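Order of the sequence lines sets the chain letters (A, B, ...), proteins ahead of strands, with each chain counted from 1. Predicted model, so just to flag it, every value in this text is computed and none were measured.
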Amino acid sequence: MPELPEVETTMRGLTPALKNRKLVKVIKRRDKIRIPVPEDFVKRLEGRKIIRLERRAKYLRFFLDSEDVIICHLGMSGKFIISDKNEDPFAKHDHIIFETDDEKQIIYNDPRRFGLMTLCTVDELDDHKLFKDMAAEPLGNEFSGVYLREKIKAKKVTIKAALLDQKVVVGLGNIYVCEALNKAHISPLRKACDISADETEILVPIIRDILLNAIEAGGSSLKDFAGANGDLGYFQHQFVTYGREGENCINHGCVGIITRINQGGRSTFYCPVCQK
DNA sequence: ATGATGTCCTGGGCGC
DNA sequence: TGCGCCCAGGACATCA
């Protein structure tokens with residue numbers, strides 16, 4: 001469920017705990033999450049300092065003072081927990097633990113193991129198979145109505161599927177695609193190639209707006225979260241369509257009811273009245 | 001090449 | 001109370 005805003009929030013929450021901190025100890029409690037954790041993961045990290053953290057799409061990247069970069073994806077259920085170093089036994093699904101030089105533990109916990117943790121060098125990063133075919137960041141300058149239209153104008157899949165495609169735009173998942181299409185009054189059932197240039201011009205600022213609002217909401221809940229238990233989990237956020245089957249559409253003047261359908265094995269929530 | 005479908009994984013919710 | 005079933009879904013593999 002973590003999409004761009006949740007990953008961004010996680011990155012911001014981790015930064016004070018990890019930036020300019022030395023990793024005095026790294027514990028790998030599993031050889032594989034979704035993909036194998038590198039054999040030499042611990043060896044390449046212990047004693048190194050993290051100099052910078054960033055988000056790219058739904059990935060986190062931690063740059064070290066060596067040539068290495070930690071690449072992390074939260075998958076469906078991955079989260080980080082920041083706590084003081086202690087002797088408590090690790091919890092179930094605590095897969096990777098970073099101990100820093102200020103006596104903190106940063107734990108990666110992921111029950112469903114759809115996430116990943118791997119390493120590459122800075123030189124390999126741009127051409128890394130996880131990143132090389134990725135589309136633009138939705139909050140960056142490159143992403144525009146023209147850009148989106150170019151990406152989808154030959155696509156025969158639905159606009160719902162196209163917006164989930166990380167080669168079209170990165171960072172969106174099932175929830176924010178539903179939200180954006182509702183606000184843009186576009187039916188998730190339409191073919192991507194049928195979405196006009198005028199419509200992509202409308203859609204792009206809506207996508208930006210929704211993501212920025214969610215990041216802001218995440219930022220404010222982060223204070224509460226991190227203060228309470230250091231758990232950088234998912235914040236509560238009010239969605240207008242997602243999970244609201246049977247409720248009224250909130251678009252101005254609309255009397256429609258949010259309906260749930262199945263697209264490609266995934267739930268789509270939308271309003272059949274105002275989303276054309 | 002594109003699009004459709006299957007796969008990974010566990011916890012939670014539901015019906016019986 | 002408990003068992004089994006189904007669902008959630010990001011991204012990749014595989015097939016048509």
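In this structure, the CD atom of A:E245 is 10 Å from the P atom of C:dA8, given to the nearest Å. Between A:I35 atom CD1 and C:dC12 atom P there is a gap of 9 Å when expressed in whole angstrom units. We find that NZ of A:K32 is positioned 15 Å from P of C:dC12, with the value rounded to whole Å. Going from atom CZ of A:R266 over to atom P of C:dC7 covers 12 Å, rounded to whole Å. Following rounding to the nearest Å, A:M134 (CE) and C:dG10 (P) show an atom-to-atom distance of 13 Å. Rounded to whole angstrom, the span from the CD atom of A:Q263 across to the P atom of C:dC7 amounts to 16 Å. Remark: P of C:dA11 and CG of A:D133 are 13 Å apart, rounded to the nearest angstrom. The separation between A:M76 atom CE and C:dC12 atom C1' is 16 Å, rounded to whole Å.
Remark: A:R52 qualifies as a cation-pi partner of A:F63 under the 6.0 Å distance and 45° angle criteria applied to the six-membered ring. Geometrically, A:R260 does not engage A:Y270 in a cation-pi contact defined by less than 6.0 Å to the ring centre and at most 45° from the axis.
When the side-chain nitrogen and oxygen atoms of A:H73 are compared with OP1 and OP2 of C:dA11, one or more of them lie within a distance under 4.0 Å. For the pair A:R260 and C:dA8, the criterion of a side-chain N or O lying under 4.0 Å from OP1 or OP2 is met. A close approach under 4.0 Å does not occur between any side-chain nitrogen or oxygen of A:S77 and OP1 or OP2 of C:dA8.
A donor-acceptor contact closer than 3.5 angstrom is absent between the side chains of A:D68 and A:T121. No side-chain donor-acceptor contact under 3.5 Å links A:D84 and A:Q105.
Under a 3.5 Å cut-off, the side chain of A:N213 and the backbone N or O of A:D209 do form a donor-acceptor pair. Between the side chain of A:Q263 and the main chain of A:P188, a donor-acceptor pair closer than 3.5 Å is present.
Within 4.0 Å of A:K92, counting heavy atoms only, lie sugar-phosphate atoms of the nucleic acid but no base atom.
When each of A:E179, A:K160, A:R266 is tested with A:N174 by the rule side chain to side chain donor-acceptor pair (under 3.5 Å), just one qualifies, namely A:K160.
For A:H93, the listed nucleotide lying nearest its side chain is B:dT10; candidates were C:dA11, B:dT10, C:dA8.
Salt bridge annotation for A:E6-A:K58: absent, with no cationic side-chain nitrogen under 4.0 angstrom from a carboxylate oxygen. Contact check on A:D126 versus A:K132 returns no salt bridge, with no Lys/Arg side-chain nitrogen under 4.0 Å from an Asp/Glu carboxylate oxygen.
The stretch residues 105-127 of chain A comes close to DNA chain C through A:R112, A:F114, each having a heavy atom under 4.0 Å from the strand. Taken residue by residue, residues 151-168 of chain A places heavy atoms nearer than 4.0 Å to DNA chain C at A:Q166.
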